[in-house]
Trainee: 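Quick one: the structure is below, questions incoming.
When reading the values below, keep in mind they use all heavy atoms of this one structure, side chains included, and skip hydrogens, waters and symmetry mates.
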Amino acid sequence: LGKSGAGKSTLIQLLLGTLEPTEGDVHVNGQPVSQYGDSVYDVMSVLNQKPYLFATTVENNMKLGDYQAVLEDVNRVAEQVGLHEYLQSLPAGLKTQMEETGQRFSGGERQRIALARILLKETPVVILDEPTVGLDPVTEYSLVETLHQSLQDKTVVWITHHLMGMEKMDTILFMEDGEIIMQGTHEELLSMNERYRQLYTMDQGL
(Lines give C-alpha, C1' and ligand atoms only; values in the text may rest on other atoms or scores of the structure.)
Protein backbone atom coordinates (compact mmCIF):
# COMPACT_ATOMS: atom_id res chain seq x y z
CA LEU A 1 0.00 0.00 0.00
CA GLY A 2 1.07 3.58 -0.55
CA LYS A 3 0.41 6.67 -2.63
CA SER A 4 2.09 7.36 -5.99
CA GLY A 5 5.85 7.69 -5.64
CA ALA A 6 6.01 5.69 -2.41
CA GLY A 7 8.22 3.02 -4.00
CA LYS A 8 5.65 0.34 -4.87
CA SER A 9 6.69 0.02 -8.54
CA THR A 10 10.35 -0.06 -7.54
CA LEU A 11 9.52 -3.03 -5.31
CA ILE A 12 8.06 -4.87 -8.33
CA GLN A 13 11.20 -4.18 -10.37
CA LEU A 14 13.33 -5.61 -7.55
CA LEU A 15 11.13 -8.71 -7.36
CA LEU A 16 11.40 -9.27 -11.12
CA GLY A 17 15.14 -8.62 -11.17
CA THR A 18 14.83 -5.72 -13.64
CA LEU A 19 16.37 -3.49 -10.97
CA GLU A 20 19.34 -4.44 -8.79
CA PRO A 21 19.28 -3.53 -5.10
CA THR A 22 21.96 -1.07 -3.98
CA GLU A 23 22.35 -3.17 -0.83
CA GLY A 24 20.98 -6.46 0.41
CA ASP A 25 19.60 -9.28 -1.73
CA VAL A 26 16.29 -10.30 -3.26
CA HIS A 27 15.55 -14.03 -3.17
CA VAL A 28 12.72 -15.93 -4.82
CA ASN A 29 12.18 -19.46 -3.52
CA GLY A 30 15.61 -19.38 -1.89
CA GLN A 31 17.44 -18.30 -5.07
CA PRO A 32 18.82 -14.82 -5.88
CA VAL A 33 16.37 -13.31 -8.37
CA SER A 34 19.33 -12.24 -10.54
CA GLN A 35 19.97 -15.93 -11.34
CA TYR A 36 16.55 -16.36 -12.94
CA GLY A 37 17.07 -13.95 -15.84
CA ASP A 38 14.12 -14.04 -18.27
CA SER A 39 12.97 -17.33 -16.74
CA VAL A 40 11.65 -15.29 -13.79
CA TYR A 41 8.47 -14.94 -15.90
CA ASP A 42 8.00 -18.71 -15.61
CA VAL A 43 7.68 -18.12 -11.87
CA MET A 44 5.89 -14.77 -11.77
CA SER A 45 3.09 -13.21 -13.79
CA VAL A 46 2.13 -9.54 -13.70
CA LEU A 47 -1.34 -8.05 -14.12
CA ASN A 48 -1.05 -4.29 -14.42
CA GLN A 49 -3.38 -1.34 -15.04
CA LYS A 50 -3.50 -1.72 -18.81
CA PRO A 51 -2.65 -5.26 -19.90
CA TYR A 52 -1.74 -5.55 -23.57
CA LEU A 53 -4.34 -7.41 -25.60
CA PHE A 54 -3.52 -8.31 -29.18
CA ALA A 55 -5.69 -7.80 -32.27
CA THR A 56 -6.75 -11.44 -32.43
CA THR A 57 -9.50 -13.53 -30.84
CA VAL A 58 -10.34 -13.61 -27.13
CA GLU A 59 -9.29 -17.28 -27.13
CA ASN A 60 -5.88 -16.51 -28.65
CA ASN A 61 -5.33 -13.70 -26.14
CA MET A 62 -6.02 -16.11 -23.29
CA LYS A 63 -3.81 -18.83 -24.83
CA LEU A 64 -0.80 -16.51 -24.74
CA GLY A 65 -0.51 -17.89 -21.21
CA ASP A 66 -0.20 -21.43 -22.60
CA TYR A 67 -0.13 -22.12 -26.34
CA GLN A 68 -0.86 -25.80 -25.65
CA ALA A 69 -4.11 -25.08 -23.81
CA VAL A 70 -7.14 -26.92 -25.17
CA LEU A 71 -10.66 -25.49 -25.41
CA GLU A 72 -11.61 -27.14 -22.12
CA ASP A 73 -8.79 -25.26 -20.34
CA VAL A 74 -9.80 -21.95 -21.93
CA ASN A 75 -13.43 -22.42 -20.92
CA ARG A 76 -12.33 -23.33 -17.38
CA VAL A 77 -10.34 -20.12 -16.86
CA ALA A 78 -13.08 -18.06 -18.54
CA GLU A 79 -15.42 -19.49 -15.90
CA GLN A 80 -12.93 -18.73 -13.12
CA VAL A 81 -12.68 -15.07 -14.09
CA GLY A 82 -16.44 -14.68 -14.49
CA LEU A 83 -16.47 -14.25 -18.28
CA HIS A 84 -17.78 -17.59 -19.52
CA GLU A 85 -21.46 -16.63 -19.61
CA TYR A 86 -20.78 -13.27 -21.26
CA LEU A 87 -18.53 -14.80 -23.92
CA GLN A 88 -21.10 -17.49 -24.64
CA SER A 89 -23.66 -14.75 -25.34
CA LEU A 90 -21.52 -13.23 -28.11
CA PRO A 91 -22.24 -14.42 -31.67
CA ALA A 92 -18.63 -15.59 -32.14
CA GLY A 93 -18.02 -16.56 -28.50
CA LEU A 94 -14.31 -17.13 -27.79
CA LYS A 95 -13.62 -16.39 -31.46
CA THR A 96 -14.68 -12.75 -30.97
CA GLN A 97 -11.99 -10.40 -32.23
CA MET A 98 -10.28 -8.18 -29.63
CA GLU A 99 -9.86 -5.28 -32.06
CA GLU A 100 -13.49 -4.54 -31.29
CA THR A 101 -12.56 -3.73 -27.68
CA GLY A 102 -13.58 -0.12 -28.06
CA GLN A 103 -17.18 -1.10 -28.70
CA ARG A 104 -17.47 -4.44 -26.98
CA PHE A 105 -15.16 -4.97 -23.98
CA SER A 106 -15.11 -2.80 -20.88
CA GLY A 107 -12.03 -2.13 -18.74
CA GLY A 108 -13.13 -4.76 -16.24
CA GLU A 109 -13.64 -7.34 -18.98
CA ARG A 110 -10.22 -6.63 -20.48
CA GLN A 111 -8.65 -7.20 -17.05
CA ARG A 112 -10.51 -10.50 -16.71
CA ILE A 113 -9.24 -11.67 -20.11
CA ALA A 114 -5.67 -10.81 -19.03
CA LEU A 115 -6.29 -12.62 -15.71
CA ALA A 116 -7.46 -15.71 -17.61
CA ARG A 117 -4.15 -15.63 -19.52
CA ILE A 118 -2.28 -15.64 -16.19
CA LEU A 119 -4.36 -18.55 -14.88
CA LEU A 120 -3.50 -20.60 -17.97
CA LYS A 121 0.18 -19.83 -17.48
CA GLU A 122 -0.03 -21.24 -13.94
CA THR A 123 2.86 -19.33 -12.36
CA PRO A 124 3.04 -19.82 -8.58
CA VAL A 125 3.46 -16.05 -8.00
CA VAL A 126 1.17 -13.34 -9.36
CA ILE A 127 1.94 -9.62 -9.04
CA LEU A 128 -1.08 -7.34 -9.27
CA ASP A 129 0.03 -3.79 -10.12
CA GLU A 130 -2.93 -1.46 -9.52
CA PRO A 131 -5.25 -3.70 -11.61
CA THR A 132 -8.43 -1.82 -10.68
CA VAL A 133 -7.28 1.74 -11.49
CA GLY A 134 -9.80 3.60 -13.64
CA LEU A 135 -12.67 1.20 -12.97
CA ASP A 136 -15.95 2.35 -11.48
CA PRO A 137 -16.59 1.25 -7.85
CA VAL A 138 -19.03 -1.56 -8.73
CA THR A 139 -16.69 -3.04 -11.37
CA GLU A 140 -13.72 -2.63 -9.02
CA TYR A 141 -15.48 -4.51 -6.22
CA SER A 142 -16.47 -7.31 -8.58
CA LEU A 143 -12.94 -7.62 -10.01
CA VAL A 144 -11.35 -7.61 -6.54
CA GLU A 145 -13.65 -10.48 -5.51
CA THR A 146 -12.75 -12.39 -8.70
CA LEU A 147 -9.02 -11.85 -8.13
CA HIS A 148 -9.19 -13.18 -4.58
CA GLN A 149 -11.24 -16.22 -5.58
CA SER A 150 -9.28 -17.21 -8.68
CA LEU A 151 -5.82 -16.65 -7.15
CA GLN A 152 -6.39 -18.23 -3.74
CA ASP A 153 -3.83 -20.99 -4.38
CA LYS A 154 -1.13 -18.52 -5.53
CA THR A 155 1.36 -16.26 -3.81
CA VAL A 156 -0.12 -12.83 -4.56
CA VAL A 157 1.74 -9.52 -4.29
CA TRP A 158 -0.86 -6.77 -4.61
CA ILE A 159 0.33 -3.23 -5.33
CA THR A 160 -2.41 -0.67 -4.66
CA HIS A 161 -3.32 2.63 -3.10
CA HIS A 162 -6.86 1.42 -2.29
CA LEU A 163 -7.67 -0.51 0.86
CA MET A 164 -10.45 -2.59 -0.73
CA GLY A 165 -9.89 -6.28 -0.07
CA MET A 166 -7.03 -5.70 2.37
CA GLU A 167 -8.79 -7.76 5.05
CA LYS A 168 -8.11 -10.84 2.90
CA MET A 169 -4.34 -10.31 2.70
CA ASP A 170 -1.91 -12.17 4.99
CA THR A 171 0.48 -9.23 5.40
CA ILE A 172 0.16 -5.54 4.57
CA LEU A 173 3.21 -3.35 3.95
CA PHE A 174 2.46 0.38 3.91
CA MET A 175 5.14 2.35 2.04
CA GLU A 176 6.05 6.01 2.10
CA ASP A 177 9.08 7.70 0.50
CA GLY A 178 10.69 4.34 -0.28
CA GLU A 179 10.33 2.99 3.25
CA ILE A 180 7.95 0.59 4.96
CA ILE A 181 6.28 2.61 7.71
CA MET A 182 3.56 0.12 8.73
CA GLN A 183 3.42 -3.65 8.62
CA GLY A 184 0.91 -6.23 9.84
CA THR A 185 -2.44 -7.85 9.12
CA HIS A 186 -5.51 -5.73 8.40
CA GLU A 187 -6.88 -6.48 11.88
CA GLU A 188 -3.59 -5.56 13.59
CA LEU A 189 -3.24 -2.28 11.72
CA LEU A 190 -6.89 -1.41 12.23
CA SER A 191 -6.68 -1.92 16.00
CA MET A 192 -3.18 -0.47 16.60
CA ASN A 193 -2.58 2.21 13.96
CA GLU A 194 -4.68 5.36 13.97
CA ARG A 195 -3.47 6.47 10.53
CA TYR A 196 -4.38 3.16 8.92
CA ARG A 197 -7.77 3.28 10.65
CA GLN A 198 -8.44 6.76 9.22
CA LEU A 199 -7.34 5.73 5.72
CA TYR A 200 -9.55 2.64 5.83
CA THR A 201 -12.54 4.69 7.00
CA MET A 202 -11.99 7.21 4.20
CA ASP A 203 -11.51 4.49 1.59
CA GLN A 204 -14.74 2.77 2.64
CA GLY A 205 -16.60 6.06 2.43
CA LEU A 206 -17.67 5.72 6.07
Trainee: Please test Phe105 against Val58 for side-chain contact (heavy atoms from CB on, under 4.5 Å), starting from the C-alpha separation and ending with a verdict.
Mentor: CA-CA 10 Å; Phe105 296 101; Val58 172; 3.6 Å; yes
Trainee: Is the shortest heavy-atom distance from the side chain of Glu122 to the side chain of Asp66 under 4.5 Å?
Mentor: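 Sidechains of Asp66 and Glu122: no contact.
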Trainee: For a side chain to side chain donor-acceptor pair (under 3.5 Å) with Glu130, tell me which candidate from His162, His161, Gln49, Lys50 qualifies.
Mentor: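 Exactly one candidate clears the test, His161.
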Trainee: Donor-acceptor pair, Asn61 side chain versus Phe54 backbone, under 3.5 Å?
Mentor: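 Pair found, side chain donor or acceptor close to backbone of Phe54.
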Trainee: Check the surroundings of atom CD in Glu187: do more than 12 heavy atoms from other residues, nucleotides or ligands lie under 6.0 Å from it?
Mentor: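 Yes, because the 6.0 Å sphere around CD of Glu187 holds more than 12 heavy atoms from other groups.
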Trainee: Roughly how far apart are Leu199 CG and Asn193 CG, rounded to 0.5 Å?
Mentor: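 Here the interatomic distance stands at 8.5 Å.
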Trainee: Would you say Val77 and Gln80 make side-chain contact, with heavy atoms under 4.5 Å?
Mentor: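 Side chain of Val77 against side chain of Gln80, heavy atoms only: contact under 4.5 Å found.
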Trainee: Do Val28 and Val46 land in one hydrophobic cluster if side-chain heavy atoms of ILVMFWY residues count as linked below 4.5 Å?
Mentor: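 Yes.
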Trainee: Would a 4.5 Å heavy-atom cut-off, applied to side chains only, mark Glu109 and Leu143 as touching?
Mentor: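 Glu109 does not reach Leu143 side chain to side chain.
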Trainee: I want to check something: taking the side chain as every heavy atom from C-beta on, are Asn29 and Tyr36 in contact at a cut-off of under 4.5 Å?
Mentor: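 Answer yes - side chains close enough.
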Trainee: If the threshold is 4.0 Å, N to carboxylate O, is there a salt bridge linking Arg197 and Glu194?
Mentor: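 Answer for the salt bridge query: yes.
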Trainee: Do Leu189 and Ile172 come within less than 4.5 Å of each other through their side chains, counting heavy atoms only?
Mentor: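 Side chain of Leu189 against side chain of Ile172, heavy atoms only: contact under 4.5 Å found.
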Trainee: Starting at OH of Tyr86, measure out to OG1 of Thr96 and round the result to the nearest 0.5 Å.
Mentor: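 The distance works out to 7.5 Å.
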Trainee: Can we say Glu145 and Lys168 salt-bridge, meaning some charged N sits less than 4.0 Å from an Asp/Glu carboxylate O?
Mentor: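 Here Glu145 pairs with Lys168 in a salt bridge, since their nearest N and O are under 4.0 Å apart.
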Trainee: Can you tell me which residue among Val125, Ile118, Val126 is in a side chain to side chain contact (heavy atoms under 4.5 Å, CB included) with Lys154?
Mentor: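 The passing option is Val126.
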Trainee: Keeping Gln111 on the side-chain end and Asn48 on the backbone end, is there a donor-acceptor pair under 3.5 Å?
Mentor: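 Judged by distance alone, yes, a pair lies under 3.5 Å.
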Trainee: Counting heavy atoms not belonging to Glu176, are there more than 12 under 6.0 Å from its CD?
Mentor: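 Yes, enclosed.
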Trainee: Could you give me the CA-CA distance, side-chain angles and deciding distance for Asp136 and Thr139, then say whether side chain to side chain donor-acceptor pair (under 3.5 Å) is met?
Mentor: CA-CA 5 Å; Asp136 64 83; Thr139 303; 2.7 Å; yes
Trainee: For the pair Gln35 (side chain) and Pro32 (backbone), establish whether a donor and an acceptor sit closer than 3.5 Å, ignoring hydrogens and angles.
Mentor: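 No; zero donor-acceptor contacts below 3.5 Å.
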Trainee: In terms of the angle between their ring planes, are His186 and Tyr196 parallel, tilted or perpendicular, with boundaries placed at 30° and 60°?
Mentor: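 Taking Tyr196 first and then His186, their aromatic rings stand perpendicular (interplane angle over 60°).
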Trainee: Any chance you could measure Leu71, atom CG, to Leu94, atom CG, to the nearest 0.5 Å?
Mentor: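 With rounding to 0.5 Å, CG (Leu71) is 6.5 Å from CG (Leu94).
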Trainee: So which atom in Pro131 and which in Leu147 form the shortest heavy-atom distance, rounded to 0.1 Å?
Mentor: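 So the minimum-distance heavy-atom pair works out to CG-CD1, 4.1 Å.
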Trainee: Closest heavy-atom contact between Glu167 and Tyr200?
Mentor: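 Nearest pair, atom of Glu167 first, then Tyr200: OE1-OH, 4.1 Å.
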Trainee: Within this structure, what is the CD1-CG distance for the pair Ile180 and Leu1, rounded to the nearest 0.5 Å?
Mentor: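 Reported to 0.5 Å precision, the distance equals 11.5 Å.
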Trainee: Under the criterion side-chain contact (heavy atoms from CB on, under 4.5 Å), I'd like the reasoning laid out for Ile113 against Val81: C-alpha separation, chi angles, the key distance, then a yes or no.
Mentor: CA-CA 8 Å; Ile113 290 167; Val81 301; over 6 Å; no
Trainee: Give the intermediate values and the outcome of side chain to side chain donor-acceptor pair (under 3.5 Å) for residues Ser142 and Arg112.
Mentor: CA-CA 11 Å; Ser142 176; Arg112 289 171 190 272; 2.7 Å; yes
Trainee: Between Lys95 and Thr56, does the side-chain contact (heavy atoms from CB on, under 4.5 Å) criterion hold? Intermediate values first, please.
Mentor: CA-CA 9 Å; Lys95 303 298 183 185; Thr56 180; over 6 Å; no
Trainee: Considering only heavy atoms from C-beta outward, does the side chain of Leu128 approach that of Val156 to under 4.5 Å?
Mentor: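 The answer is yes; the side chains approach within 4.5 Å.
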Trainee: CG of Leu83 to CD of Gln88: how many Å apart, nearest 0.5 Å?
Mentor: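 One gets 11.0 Å once the value is rounded to the nearest 0.5 Å.
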Trainee: Would a distance-only check, ignoring hydrogens and angles, find a side-chain to backbone donor-acceptor pair under 3.5 Å from Glu188 to Thr185?
Mentor: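 A pair under 3.5 Å: yes.
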Trainee: In this structure, would Leu64 and Val74 fall into the same cluster of hydrophobic residues linked by side-chain contacts under 4.5 Å?
Mentor: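 No.
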Trainee: Supply the atom-to-atom distance Ile127 CD1 to Ser45 OG, rounded to the nearest 0.5 angstrom.
Mentor: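 Reported value, rounded in 0.5 Å steps: 9.0 Å.
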Trainee: How close do Pro21 and Leu14 get, heavy atom to heavy atom, and via which atoms?
Mentor: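 Of all heavy-atom pairs spanning Pro21 and Leu14, the closest is N-CD2, 3.7 Å.
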Trainee: Would the distance check show the side chain of Asp73 and the main-chain N or O of Val70 forming a donor-acceptor pair, the cut-off being under 3.5 Å?
Mentor: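 Checking the backbone N and O of Val70 against the side chain of Asp73, a donor-acceptor pair under 3.5 Å is found.
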Trainee: Can you get from Phe174 to Trp158 by hopping between Ile, Leu, Val, Met, Phe, Trp and Tyr side chains that sit under 4.5 Å apart?
Mentor: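 Linked within one cluster.
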Trainee: Taking all atoms of both residues into account, what is the closest heavy-atom pair of Ser4 and Lys8, and its distance?
Mentor: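 Scanning both residues, the minimum pair turns out to be N-NZ, 4.0 Å.
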Trainee: Considering non-hydrogen atoms only, spot the tightest contact between Val33 and Leu15 and give its length.
Mentor: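 The pair with the smallest heavy-atom distance is CG2-O, 3.0 Å.
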Trainee: Is Leu173 reachable from Ile181 through a run of hydrophobic residues whose side-chain heavy atoms are each under 4.5 Å from the next?
Mentor: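 They do not share one cluster, since no chain of ILVMFWY contacts under 4.5 Å joins Ile181 to Leu173.
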Trainee: Please report the shortest heavy-atom distance between Leu53 and Met98, naming the atom on each side.
Mentor: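 Reported closest heavy-atom pair: CD1-CE, 3.4 Å.
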Trainee: Give a yes or no answer on whether the side chain of Thr18 reaches the backbone of Gln13 with a donor-acceptor pair at less than 3.5 Å.
Mentor: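 Yes, the answer is positive, given that a donor and an acceptor are paired below the 3.5 Å cut-off.
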Trainee: Assess whether atom CG of Asp153 is packed by more than 12 heavy atoms of other residues, nucleotides or ligands within 6.0 Å.
Mentor: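 Count over threshold, so yes.
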Trainee: Transitively linked via ILVMFWY side-chain contacts under 4.5 Å: Val157 with Ile12?
Mentor: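 Looking at the clustering, Ile12 is in the same group as Val157.
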Trainee: Start with the C-alpha gap between Lys121 and Tyr41, add the side-chain angles, then the distance that decides, and say whether side-chain contact (heavy atoms from CB on, under 4.5 Å) holds.
Mentor: CA-CA 10 Å; Lys121 193 175 180 185; Tyr41 293 101; 3.9 Å; yes
Trainee: Measuring only between side-chain heavy atoms, which start at C-beta, is Thr160 closer than 4.5 Å to Asp129?
Mentor: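 SC-SC contact between Thr160 and Asp129 ruled out.
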